[in-house]
Participant: 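Can you keep this structure in mind? I'll have questions shortly.
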Amino acid sequence: MKKKMAALLLAAVTTSALLAGCGNSDVATEGTEVSTEETATEETTDAETEETADAETAEAETEEVADKVVLKCVCDLTPHSEILNAAADLLAEKGIELDIVSTTWDATWNDMLVDGEIDFAYFMHVPAMESIEEEMGVTLYSMGGIHIEPYACFSDKYATKEELPENAIIAIPNDSSNEYRALKVLEKEGFVKLNPDMTATDASVNEIEEYLIPIEIVEMDQANIIPSAADFDAYFVNVNRALEADIDTSSYLMREGEDSEYANIITVTEANKDNEAIKTLVSVLQSDEIKQFITDNFNGAVIPAQN
């Protein structure tokens, strides 16, 4: 009887142990299944987050491209294009990119501006703009002055104006606005007395009332003055033309003062006079950073306009 009871007890213990073992196995399996589900959920969340980030980046890049404004222009090579290029990074920060179509002047520039092929021109001052308006029968607008190139007289033969001989031959440009500037310098330096009613649109040697110092003035196309400089005792040109020809702009015989009102301007037609991008462009070009660039890089031959 005792042996039978012991056998029964042993069987019960064995069965209990087996049942306990099965229970632990089920718990472990369930734990593994939960862990797998959590991992899958985390991976899905990470993928969705990455996709969202990529979508936001793509959207931001699309908005950036959409917000960028490209302004087409024409400008003289020196110093105009250099000033514009110096402002490129500042403009880029404001979503503006410049497309400089040409830096070699010809008469088509005026047509390109008037016909809307470009957004702005950067090569003229207000009197020149007014002359173009009268000539072409159009209305143009100055968006602001950027720099001044004091109009100057140079010589390949003499170091000072006092060395000029009697009856010196002096070349001046025959376009009215620049001729006006040259004649005004000659008057300031005591060579001539001008008709006080002479304006920038009707300037010519015919407006000289008296020669106070004997000189001979030759009117000619400004583009031909420097190439034929050896034919003259002295000649007047825009300082940017002198810079382009590698003339030492500090060796002038006489020139306008730094108070010259002939600032080079950003010129537009009516279609762009309210263009916010162009207003921003002018603001950048008149900034302290660009004024400092002009002061540091042109040795006084080009100076910032007073705003």
Side-chain angles (χ1 to χ4, degrees), residues 69-88 90-91 94 96-151 173 175-181 199-201 203 222-223 237-241 243-244 256 260-287 290-291 293-294 298 302-307:
V69 176
V70 178
L71 296 175
K72 291 186 175 183
C73 68
V74 293
C75 65
D76 282 323
L77 179 63
T78 302
H80 305 66
S81 69
E82 295 168 74
I83 293 171
L84 291 179
N85 288 330
L90 293 173
L91 291 171
K94 298 179 181 298
I96 297 172
E97 180 182 322
L98 298 181
D99 178 5
I100 300 176
V101 176
S102 174
T103 58
T104 304
W105 187 89
D106 61 47
T108 64
W109 278 15
N110 298 334
D111 295 325
M112 293 171 69
L113 178 62
V114 172
D115 294 341
E117 295 178 33
I118 56 175
D119 299 300
F120 71 90
Y122 179 28
F123 68 92
M124 66 183 84
H125 43 64
V126 170
M129 181 184 75
E130 292 172 346
S131 178
I132 292 170
E133 286 181 311
E134 183 176 348
E135 177 185 338
M136 300 184 69
V138 297
T139 300
L140 300 175
Y141 298 84
S142 168
M143 299 297 285
I146 310 304
H147 75 272
I148 297 169
E149 302 160 19
Y151 213 72
D175 59 288
S176 59
S177 61
N178 284 324
E179 183 161 5
Y180 176 85
R181 298 175 74 181
T199 68
T201 57
Q222 180 168 241
V237 291
N238 279 321
V239 174
N240 66 303
R241 306 292 182 193
L243 288 170
E244 290 172 5
E256 291 175 323
S260 171
E261 297 179 1
Y262 286 84
N264 279 240
I265 58 176
I266 299 299
T267 312
V268 301
T269 62
E270 186 170 5
N272 278 309
K273 68 183 179 67
D274 296 318
N275 187 319
E276 291 300 325
I278 291 180
K279 290 179 181 179
T280 300
L281 163 75
V282 172
S283 177
V284 168
L285 294 177
Q286 292 177 341
S287 68
I290 300 305
K291 285 182 177 180
F293 170 82
I294 293 172
F298 298 106
V302 181
I303 57 179
Q306 299 301 313
N307 311 125

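Starting from 1, each residue takes its place in the sequence as its number. Because the structure is a prediction, the values reported are computed rather than measured.
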Participant: Drop me the distance from L281's CG to Q286's CD, to the nearest 0.5 angstrom.
Facilitator: 9.5 Å

Participant: Evaluate the side chain to side chain donor-acceptor pair (under 3.5 Å) criterion for residues E82 and H80: first the C-alpha distance (whole Å), next the side-chain angles of each, then the deciding distance (0.1 Å), finally the verdict.
Facilitator: CA-CA 5 Å; E82 295 168 74; H80 305 66; over 6 Å; no

Participant: Contact between I118 and L71 at the side-chain level, heavy atoms closer than 4.5 Å - yes or no?
Facilitator: no

Participant: Are T108 and V74 side-chain neighbours, meaning at least one heavy-atom pair lies under 4.5 Å?
Facilitator: no

Participant: I'd like to check the ring pair (Phe, Tyr, Trp, His ring centres under 6.0 Å) partners of H125; sequence neighbours left out, ordered by chain and number.
Facilitator: Y262

Participant: Do C75 and L84 touch side chain to side chain, with heavy atoms closer than 4.5 Å?
Facilitator: yes

Participant: Is there a donor-acceptor contact under 3.5 Å from the side chain of D76 to the main chain of T78?
Facilitator: no

Participant: Is a side-chain N or O of E97 found less than 3.5 angstrom from the main chain of V69, in a donor-acceptor match?
Facilitator: no

Participant: Can you tell me which residue pairs pass the side chain to side chain donor-acceptor pair (under 3.5 Å) test with a partner in residues 274-285, sequence neighbours excluded?
Facilitator: N272-N275

Participant: Quick check for you: to the nearest 0.5 Å, what is the distance between L140 atom CG and I132 atom CD1?
Facilitator: 6.5 Å

Participant: Looking at residues at least two apart in the chain, or sitting in another chain, which of them share a salt bridge (charged side-chain N to carboxylate O under 4.0 Å, His left out) with K72?
Facilitator: none

Participant: Residues in salt bridge (charged side-chain N to carboxylate O under 4.0 Å, His left out) with E244, at least two apart?
Facilitator: none

Participant: Under the side chain to side chain donor-acceptor pair (under 3.5 Å) rule, collect the residues that match up with E134, sequence neighbours excluded.
Facilitator: none

Participant: Listed by chain and number, what are the ring pair (Phe, Tyr, Trp, His ring centres under 6.0 Å) partners of Y151, not counting sequence neighbours?
Facilitator: none

Participant: Are T267 and M143 close enough that some pair of their side-chain heavy atoms sits under 4.5 Å apart?
Facilitator: no

Participant: Please answer whether the main-chain N or O of A200 pairs with a side-chain N or O of S176 as donor and acceptor at a distance below 3.5 Å.
Facilitator: yes

Participant: Please say whether more than 12 non-hydrogen atoms of neighbouring residues, nucleotides or ligands are located less than 6.0 Å from NZ in K94.
Facilitator: no

Participant: From L285 CG over to I265 CD1, what is the distance, rounded to the nearest 0.5 angstrom?
Facilitator: 13.0 Å

Participant: As a quick check of understanding, evaluate side chain to side chain donor-acceptor pair (under 3.5 Å) for T201 and T199, giving each step before the final call.
Facilitator: CA-CA 5 Å; T201 57; T199 68; 3.0 Å; yes

Participant: Would you say the side chain of N264 lies within less than 4.5 Å of the side chain of I146, judging by non-hydrogen atoms?
Facilitator: no

Participant: Return the CD1 to CD1 distance between I303 and I294, rounded to the nearest 0.5 Å.
Facilitator: 9.5 Å

